[in-house]
S.K.: 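What follows is a structure written as structure tokens; I'll ask about it next.
Values below: every heavy atom of this structure, side chains too, minus hydrogens, waters and symmetry copies.
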Amino acid sequence: MAKFGLSFSGGGVRSAAFCSGVLRRLLQKEVRIDYLSCVSGGGYTGSAYVDWKYRHNKKDDKKWHQKFFNHMRENVGLVCSFQNPCQGIFDCVIFCALALFISVIAPFIIWGSFAHPLAYIIDYLFGRILRGGSRPCPEEVRLNPNTTLDDCLQNRKNADKIYDRVLLFFVPALLAFIFYVLKRRVQRGEGLFNWLSLFSLMMFGILFFPWFLNISLRLVPDFLKGLLLVPMIFFWFLFPRLRDNASLVFVLYLYSFVIHFRVYRINAFGILYDDRIFDQAFAASILLMWAAPLVIAIQQSIVHIYVRWIIQKAFYHPNTIGKCGCSGISWRNLFLFCPALDESRMIQNIPRKKALTLDDLDDLTPTYIGCTTVNRWKRTPSPREPHYELLTMSPQGIERLDRPGDEQGLHGKLMPVDVYLSEVAANSAAAVNYDSGLAQGDEAPFRNFLVMIGLSFGASLVADKRHEKRRHICLQSLPIVIELLRVVPLVFTLVLYAKNDGEKFLIAGLLIHIGITALITLLGLMPTGAKNPGRLERLARWLTINTLGGHYHRKAMNVINVGPSPPAVLSLSDGGHLENLGILPLLKLRLKKIVAVDGGNTILDQDYADALLTALDMARKKLGCSFSALDGRDIAEDIRDNFVERSPGSQPSSYRFKVYYYEKNVNCDGKTKVGEGEILYIAPRHPGKRVKTTPYVTWEQALRDIDEDLEAGLWGAGPQLSSEEADRLTFCCCECCHGNTCRGLSEAMCGVFPQHSTANQLFTPTQFSAYHREGYRASMEAKVAQFVSDEKEVTSAPGTNIV
């Protein structure tokens with residue numbers, strides 16, 4: 001038999017529900033699915049289906065199929081399931097606590113911990129130059145009662161040695177410019193020079209702006225002081241180098257105010273400087289500096305773990321999820337190099353109640369393929385090549401879509417046994433991420449803001465765990481030694497500060513700690529990716545994996561792995577960041593029949609099939625495919641005329657076309673046709689716009705040739721929704737939110753059927769049922785079973801029954 005592939009698109013819970021309806025129809029018709037390619041929300045349904053099938057002896061059966069779809073419907077409220085109020089409140093508490101930690105507590109620890117120690121260092125090293133005297137004027141007045149504050153300030157203004165201050169500001173600014181130019185010219189050292197440029201720029205900022213604040217705050221009335229931030233912010237955004245790191249500018253402002261208070265001891269914005277309070281904050285900051293790398297590691301992993309947990313807990317089989325839905329998830333998932341799998345998982349037979357890995361699905365049909373986007377990896381140094389590509393994860397292996405046959409890539413490094421099924425689904429659903437593939441564009445300031453607050457659903461996977469585990473025991477213990485070297489100067493500093501003695505040694509301890517951190521970061525930013533890496537590159541890869549915050553710093557500095565060797569750590573995000581249909585892996589397999597189910601977000605009717613056209617264009621460039629309508633017409637024109645630009649009441653839910661497979665000739669230029677196939681594209685439609693069918697089809701009629709019955713109370717009277725049923729699906733979260741009141745507000749906030757917002761993960765069972773029914777109806781209209789089995793279709797005239 002010809003191989004058949006099914007793809008489920010991204011689109012959150014909306015797509016999961018729509019795809020589940022298509023899947024149900026195919027299972028009822030006993031269609032053999034050879035490959036199941038999933039992206040994002042489509043992976044909720046796809047991965048859950050193969051998980052349930054594995055738990056039922058790897059065989060399909062109508063009884064467990066019903067339980068499976070009912071289970072998905074009942075647990076569709078991923079973030080907050082208010083079908084059970086107590087559970088909903090508990091989910092809300094977890095979500096709010098996680099959001100508070102990620103966006104407030106963690107950034108405060110990571111960025112705020114350096115403010116007071118940095119102010120102490122700047123005051124000690126450069127305070128005399130910035131002030132124009134050895135002591136701040138308030139302290140000078142306290143020691144000399146005959147001198148007023150105004151007299152002190154005026155005397156220092158008259159005796160100001162401007163040349164020292166100009167040199168202090170000019171040197172870091174010049175270094176920032178030099179390193180920026182080198183970054184643009186020397187491609188292999190882009191990450192290194194980027195870090196040096198930003199470091200020099202930050203040094204300029206923390207020296208110049210405290211002095212600027214002191215001058216401006218003395219001359220400006222109190223009611224205008226807040227407006228000073230406006231021109232300062234615009235100053236930074238005038239320059240691309242500064243604009244692309246806008247989030248760091250606000251961190252710099254925080255440091256500038258703290259340094260200003262410490263250096264000048266002058267009250268500003270109604271805030272009184274107090275040595276005792278500064279001392280307490282300084283001691284607390286030293287403790288936070290030690291904890292910051294640990295917080296970074298947790299911050300980078302916790303959201304991904306949370307997404308994986310809610311997907312697994314909601315949709316997977318009870319024997320898979322374990323207690324509280326946490327099977328396969330442990331504290332080791334918070335850090336990069338910690339074996340996430342037990343060694344017992346390497347054997348053939350696994351415990352019955354255990355989370356599944358991709359390797360467990362090796363002999364299960366269909367072959368599950370999870371589509372993710374791997375970022376920060378260019379195979380060639382060409383400036384035209386993007387740094388992101390599709391990464392497919394399946395029981396047959398994990399590889400880039402564009403990997404040639406003679407290139408090892410991840411083969412033998414990252415294996416199916418290393419990755420849990422729920423982990424693949426969460427990777428593919430990482431829509432909010434530092435890296436956003438095709439959607440990234442000129443969003444560098446927004447991206448850096450996400451880096452700063454740690455808001456990312458993406459995963460970070462060590463590319464070669466086996467090699468790390470084979471290292472000598474001494475080398476595996478080295479991260480602990482590095483951490484001790486980083487911590488000891490902080491302990492030394494804290495002890496000296498508590499005794500109020502040895503200021504020079506105290507400064508030395510802080511500088512040693514900052515120097516060690518900077519050195520580790522600097523070495524970790526070295527270029528990687530070469531086929532035969534040298535010692536420095538191997539060191540950079542090791543530091544990226546084995547030091548706390550190593551991978552985070554590479555992300556923050558936008559370091560890209562260039563070469564055929566994979567990065568030390570793979571940065572994975574939503575598969576829809578590259579191609580949202582999940583059709584490319586199926587085209588690479590050159591299948592005879594492909595059904596592409598599109599549950600993605602399409603606000604306007606004229607935008608329908610945009611995701612399909614984007615995928616086809618990629619297939620031409622990456623896989624050498626060619627496409628045409630069934631009658632040989634140009635594919636773009638035919639889609640527009642027969643699928644997109646149709647009047648309400650005659651809009652079809654499916655479109656069918658041909659694909660031709662080619663491969664390059666070995667001995668001559670050009671390509672040779674090696675096969676062809678057909679693709680059936682399915683998308684949802686509003687009941688008031690789709691092709692009209694008469695009469696109304698009930699479940700009894702739809703299932704007359706199938707030995708199965710659907711509960712009308714759960715799934716409606718039939719697969720066809722009415723306009724009234726679709727229009728009342730307002731808002732989200734609770735069944736009581738649905739109705740015909742405030743429809744306009746609901747449309748603005750949550751969207752309308754069949755395009756409810758992808759960001760809405762609070763679907764109700766009624767909403768799930770509606771999209772499930774629409775998927776089932778669309779597959780009936782498209783005659784999916786006949787399409788796959790190559791049966792001759794009977795053309796139906798408009799207005800006839802689609803059963």
Side-chain angles (χ1 to χ4, degrees), residues 12-13 44 75-113 247 251 284-285 287-316 321-336 338 340 355 420 422-423 425-427 429-434 449-460 548-549 552 555 573-574 731-734 737 749-750 757-764:
V13 177
Y44 300 173
N75 295 278
V76 69
L78 289 182
V79 178
C80 299
S81 180
F82 278 99
Q83 309 315 308
N84 181 342
C86 293
Q87 181 66 40
I89 294 172
F90 177 72
D91 291 342
C92 277
V93 170
I94 293 178
F95 179 78
C96 292
L98 183 67
L100 180 65
F101 172 79
I102 291 296
S103 58
V104 178
I105 297 176
F108 175 79
I109 294 174
I110 295 169
W111 297 100
S113 61
S247 59
V251 176
S285 295
L287 295 176
L288 293 179
M289 286 175 71
W290 169 80
L294 186 65
V295 173
I296 289 174
I298 296 173
Q299 186 194 42
Q300 300 302 294
S301 307
I302 192 67
V303 177
H304 171 70
I305 294 173
Y306 172 74
V307 172
R308 177 184 167 190
W309 172 67
I310 61 174
I311 294 173
Q312 179 173 285
K313 179 172 68 77
F315 298 138
Y316 286 22
I321 63 177
K323 288 186 177 180
C324 305
C326 296
S327 180
I329 302 174
S330 70
W331 63 269
R332 291 173 295 189
N333 295 111
L334 293 173
F335 309 101
L336 284 178
C338 277
Y420 284 106
S422 60
E423 194 171 10
N427 293 341
V432 180
N433 201 276
Y434 308 136
F449 175 73
L450 293 180
V451 172
M452 185 179 73
I453 66 172
L455 186 59
S456 173
F457 293 178
S460 299
L548 291 173
Y552 171 82
K555 277 188 174 183
S573 64
D574 196 319
F731 294 106
C732 59
C733 196
C734 301
C737 294
M749 295 176 60
C750 305
S757 173
T758 304
N760 176 21
Q761 300 293 303
L762 303 172
F763 265 42
T764 64

S.K.: Locate the shortest heavy-atom distance separating K555 from S460; write the atom from each residue and the value.
M.R.: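 Answer, listing the atom of K555 first, then S460: NZ-OG, 3.7 Å.
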S.K.: To the nearest 0.5 angstrom, please state how far the CD atom of Q300 sits from the CG atom of L548.
M.R.: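 Answer rounded to 0.5 Å: 11.5 Å.
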S.K.: From I311 CD1 over to Y44 OH, what is the distance, rounded to the nearest 0.5 angstrom?
M.R.: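 If I round to the nearest 0.5 Å, the distance is 4.5 Å.
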S.K.: List the atom of G325, the atom of K313, and the distance in Å for their closest heavy-atom pair.
M.R.: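 In this case the closest contact between G325 and K313 is CA-CB, 4.3 Å.
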S.K.: Drop me the distance from W309's CH2 to I302's CD1, to the nearest 0.5 angstrom.
M.R.: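 Result: 10.5 Å between the selected atoms.
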S.K.: Can you name the residues that form a side chain to side chain contact (heavy atoms under 4.5 Å, CB included) with N75, not counting sequence neighbours?
M.R.: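 H71, A314.
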S.K.: Is there a donor-acceptor pair closer than 3.5 Å between any side-chain N or O of Q312 and the backbone N or O of S422?
M.R.: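 Not at all, since once roles are kept as given, no pair shorter than 3.5 Å links the two residues.
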S.K.: In this structure, are over 12 heavy atoms from other groups packed under 6.0 Å from F95 atom CZ?
M.R.: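 Not more than 12 within 6.0 Å, no.
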S.K.: With rounding to the nearest 0.5 Å, note down the distance linking CD1 in I110 to CE in M289.
M.R.: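 Going from the CD1 atom of I110 to the CE atom of M289 covers 13.5 Å.
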S.K.: Which atom names give the shortest non-hydrogen contact between V307 and A426, and what distance separates them?
M.R.: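 What the structure gives for the nearest pair is CG1-CB, 4.2 Å.
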S.K.: Can you tell me if N760 uses its side chain to pair, donor with acceptor, with the backbone of S757 under 3.5 Å?
M.R.: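 Judged by distance alone, no pair lies under 3.5 Å.
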S.K.: Which heavy-atom pair separates G328 from Y420 by the least distance, and what is that distance?
M.R.: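 Closest pair (atom of G328, atom of Y420, distance): O-CE1, 3.5 Å.
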S.K.: Between F101 and V295, does a side chain to side chain contact (heavy atoms under 4.5 Å, CB included) hold up when you go through it step by step?
M.R.: CA-CA 10 Å; F101 172 79; V295 173; 4.2 Å; yes
S.K.: Kindly give the heavy-atom pair with the smallest separation between I102 and P107, and that separation in Å.
M.R.: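 Closest approach of I102 to P107, heavy atoms only: O-CD, 3.1 Å.
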S.K.: After noting the C-alpha distance and the side-chain angles of F731 and T764, does the key distance pass the side chain to side chain contact (heavy atoms under 4.5 Å, CB included) rule?
M.R.: CA-CA 10 Å; F731 294 106; T764 64; over 6 Å; no
S.K.: Could you check if a side-chain atom of W111 sits within less than 4.5 angstrom of a side-chain atom of L288, using non-hydrogen atoms only?
M.R.: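 Counting from C-beta outward, W111 and L288 never come under 4.5 Å.
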S.K.: If I take atom CD1 from residue I305 and atom CD1 from residue I298, how far apart are they, to the nearest 0.5 angstrom?
M.R.: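 One finds 9.5 Å between CD1 of I305 and CD1 of I298.
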S.K.: Do side-chain atoms of S327 reach the backbone of A355 as a donor and acceptor pair under 3.5 angstrom?
M.R.: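 At least one qualifying donor-acceptor pair exists.
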S.K.: Using a 3.5 Å distance criterion without hydrogens, assess whether the side chain of Q299 forms a donor-acceptor pair with backbone atoms of A106.
M.R.: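 Checking the backbone N and O of A106 against the side chain of Q299, no donor-acceptor pair under 3.5 Å is found.
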S.K.: At what distance, to the nearest 0.5 angstrom, does CG of N333 lie from CD of E423?
M.R.: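 Those atoms lie 6.5 Å apart.
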S.K.: Would you say L78 and F763 make side-chain contact, with heavy atoms under 4.5 Å?
M.R.: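 L78 vs F763: side chains apart.
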S.K.: Can you sort out the partners of S285 under side-chain hydrogen bond (donor to acceptor under 3.5 Å, both in side chains), two or more places apart, ordered by chain and number?
M.R.: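 Not a single residue meets the side-chain hydrogen bond (donor to acceptor under 3.5 Å, both in side chains) criterion with S285.
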